[in-house]
Amino acid sequence: FWCIIGFLLYGPQTLGGLSGAEFGSKKAAAAATGLTGTVGYMAGSFGGIGITFINKLWGWNAVLLSFVFASFIGGFFFALTASNKKRRRA
């Protein structure tokens, strides 16, 4: 059980840092990784505010739907960076 939770938490964190390092130049890789990590941890710190707001207005079903929606938006932006990387190499 804890292994699954760790995988689900560490996977997106790694993908966020990796995308920042891969998308930036070699000189800016550390700065890009630090920036994505900082934004990720700050979003995690303040994320409860938005979840509480959605829960109070529309309930837990809306909270879960917002998580699904955010996952699709994140996947879309990861796909954009991957396609941009392919165009830069060509």
Same apolar cluster (I L V M F W Y, side chains within < 4.5 Å links), F77/F72: no
Shared hydrophobic cluster for F46 and Y41 (ILVMFWY, side-chain gaps under 4.5 Å): no
Remaining members of the apolar cluster that contains V63, side-chain heavy atoms under 4.5 Å: I51, F53, I54, L57, W58, W60, L64, F67
Side-chain donor-acceptor pairs of residues 29-39 under 3.5 Å, sequence neighbours excluded:
unit_1, atom_1, unit_2, atom_2, d
T33, OG1, A29, O, 2.8
T36, OG1, A32, O, 3.2
T36, OG1, T33, O, 2.9
T38, OG1, G34, O, 2.8

Over 12 foreign heavy atoms within 6.0 Å of CD1, I5: yes
Shared hydrophobic cluster for I49 and M42 (ILVMFWY, side-chain gaps under 4.5 Å): yes
